[in-house]
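For reference, the structure discussed in these notes is given below.
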2 protein chains.
Amino acid sequence: MIMQTTVASTRAPTARYPATEHEAGFTDIDIDLLRKYVPVLRHKLSAGQYLYHAGQPFQSLYLINSGFLKTVELADDGRDQVTGFRMRGDFLGAESIGLKTYACGVVSLESGEAWELPYPAMLTACREIPELQARLTAALAQEIRDDHAWMLAIGTLNAEQRVASFLLDVAKRYAQLGYSARHFMLRMRRTDMANFLALKHETVSRVMSRLDDLRLISVERREVHVLDDSGLRAMAGMRA
Amino acid sequence: MIMQTTVASTRAPTARYPATEHEAGFTDIDIDLLRKYVPVLRHKLSAGQYLYHAGQPFQSLYLINSGFLKTVELADDGRDQVTGFRMRGDFLGAESIGLKTYACGVVSLESGEAWELPYPAMLTACREIPELQARLTAALAQEIRDDHAWMLAIGTLNAEQRVASFLLDVAKRYAQLGYSARHFMLRMRRTDMANFLALKHETVSRVMSRLDDLRLISVERREVHVLDDSGLRAMAGMRA
DNA sequence: AACGGTTTGTAACAGTACGTAACCGACCCA
DNA sequence: TGGGTCGGTTACGTACTGTTACAAACCGTT
């Protein structure tokens with residue numbers, strides 16, 4: 001086990017459970033072995049801070065040790081799109097491999113810690129540790145699949161279904177990290193959630209209230225209780 | 001140069017130009033060197049034929065030599081989403097690396113040829129040819145960036161802008177393969193285009209007609225002339 | 001050349017999500 | 001303590017896109 005145990009957020013009222021056996025990232029890679037080839041640099045992050053900006057020279061990959069971040073795609077004309085949310089064990093920066101500069105930006109949504117892994121050293125390490133290469137490739141493939149799942153959701157689900165799906169996904173990811181899947185704190189603003197779901201923040205608010213009315217969840221600002229898991233699943237998966 | 005020159009489609013009335021220096025895929029990998037490690041199997045494809053189905057055992061990557069294909073994400077309940085269109089020089093199957101079965105399906109939209117590259121052999125080859133590993137990783141990263149660009153478009157653009165962006169993207173890719181960017185044949189049905197753009201086919205029809213009315217393009221079924229490139233760009237990029 | 005199925009185009013209508021705006025509560029800092 | 005900002009909620013009218021329906025054009029086959 002390579003992950004250093006840290007408390008992800010002091011504000012979060014989520015219960016703490018034993019970590020599950022499988023986590024994303026380097027779980028089954030020996031971090032000490034990795035350190036022989038890669039100088040791991042630790043970075044403390046605070047809310048609102050950028051881990052890296054789009055356009056900045058691409059130099060490193062990052063592994064999130066604690067905290068919660070969003071990745072943001074930026075267009076020339078100012079349009080922006082939240083392409084995902086990342087938490088402990090997730091990789092960052094892999095999407096920019098092959099480029100001179102980072103293709104997107106990463107913003108921390110709360111305090112946390114990220115480990116910087118200089119890419120040239122990682123390349124060397126990958127040659128020495130075949131398992132590392134496999135993990136990195138698998139992480140890239142996984143990200144593609146996540147993106148495709150998002151496309152499927154956005155392309156085929158209405159607002160209610162998108163929000164329900166999103167909540168279930170968040171719950172699942174918290175559960176994988178050993179937190180409660182039935183009671184959690186959303187770490188992002190409504191605006192970020194809406195942007196990610198290709199909706200407006202008012203729509204997200206309305207839908208959340210609606211899910212509350214239907215007794216599927218109870219919401220108070222960022223605090224969410226899942227009251228009817230199967231009901232929520234039904235709403236998320238069924239056709240309009 | 002590794003690419004065998006073949007005619008992509010006999011139906012397409014697109015003019016043929018000298019190929020550009022840069023193409024996606026293995027362009028700068030020596031195909032003969034690759035063959036020392038990987039048994040390359042050629043597959044003829046006809047319109048409507050699946051290259052592979054979602055759920056089928058994952059065994060190989062594919063490199064498109066000629067033709068035009070769509071990748072389709074499939075949900076349990078029957079919802080489906082076209083996640084992309086692929087042409088000569090593109091990789092297929094990389095999104096399923098790390099899985100036992102393919103995560104999506106690939107359908108040929110016209111006759112063509114794909115080269116099957118058994119994945120276990122590819123792994124070996126990657127260890128022997130560092131450049132190959134780099135190309136594969138770069139292709140994966142590129143796919144992520146393409147997906148993110150799509151997310152940005154779907155999340156921030158209206159129907160007109162999406163269709164305009166799509167046409168410009170198609171034009172660019174044809175140009176990269178040496179075809180005309182101002183006159184081309186769409187290889188997919190309106191339904192596929194609409195699904196990819198998270199719209200309905202009637203909406204796509206409406207918008208195409210409007211772009212025609214505005215003299216930005218001239219359309220007749222699948223045949224498209226770009227009449228006002230900068231006008232089309234303005235429409236694609238500007239905010240609603 | 002005629003046939004049936006598929007694909008595309010057009011139109012009227014309806015609905016979901018949007019845009020605007022006002023309000024409220026939490027938080028920060030003077 | 002009070003103003004200011006930020007984030008979230010709710011109401012109401014609007015409009016873009018989806019829905020439904022139908023017709024025309026196209027394709028492959030007989």
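So you know, we letter chains A, B, ... as the sequences are listed, proteins then strands, and number each from 1.
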- Taking atom types as they are modelled, is there a donor-acceptor pair under 3.5 Å from the base of dG25(C) to the side chain of R222(A)? no
- Query: Within this structure, what is the CG-to-C1' distance between D212(B) and dT10(C), rounded to whole angstrom?
  - Reply: 14 Å
- Between R162(B) (CZ) and dC16(D) (C1'), how many Å, whole number? 11 Å
- Task: Find the distance I217(A):CD1 to dT9(D):C1' and express it as a whole number of Å.
- Result: 14 Å
- Message: Under a 4.0 Å threshold between the charged nitrogen and the carboxylate oxygen, would R233(B) count as salt-bridged to D228(B)?
- Response: no
- Item | For atom CG of N158(A) and atom P of dT19(D), their distance in whole Å | 10 Å
- Message: Let's see if you can work this out: which of dT10(D), dG9(C), dC18(C) has an atom nearest to the side-chain heavy atoms of S205(B)?
- Response: dG9(C)
Could you pull out the protein-nucleic contacts involving nucleotides 4-6 of chain D (nitrogen or oxygen on both sides, under 3.5 Å)?
none

- Task: With DNA chain C as reference, determine whether R206(B) or A159(A) sits nearer its 5' end, using the nearest nucleotide of each.
- Result: R206(B)
- Query: What is the distance, rounded to the nearest whole Å, between atom CG of N195(B) and atom P of dT8(C)?
  - Reply: 13 Å
- Is the ring centre of F85(B) less than 6.0 Å from the ring centre of F196(B)? yes
- Task: Mind calculating the distance between NZ (K200(A)) and P (dA15(D)) to the nearest angstrom?
- Result: 17 Å
- To the nearest 0.5 angstrom, please state how far the NZ atom of K200(A) sits from the CZ atom of R206(A). 11.5 Å
- Nearest-Å distance, CD (E223(B)) to C1' (dA25(D))? 15 Å
- Least distance between heavy atoms, A198(A) atom then R162(A) atom: O-NH1, 3.3 Å
- Mind calculating the distance between NE2 (H201(B)) and P (dT20(D)) to the nearest angstrom? 12 Å
- If the plane angle is over 60° it's perpendicular, under 30° parallel, otherwise tilted; pick one for Y102(A) and F58(A). perpendicular
- Message: Any salt bridge linking E143(B) with R86(B)? Criterion: basic side-chain nitrogen under 4.0 Å from a carboxylate oxygen.
- Response: yes
- OP1, OP2 of dG18(D) versus side-chain N and O of T203(B): anything below 4.0 Å? yes
- Note on the structure: dist L167(A):CG -> M193(A):CE (nearest 0.5 Å) comes out at 5.0 Å
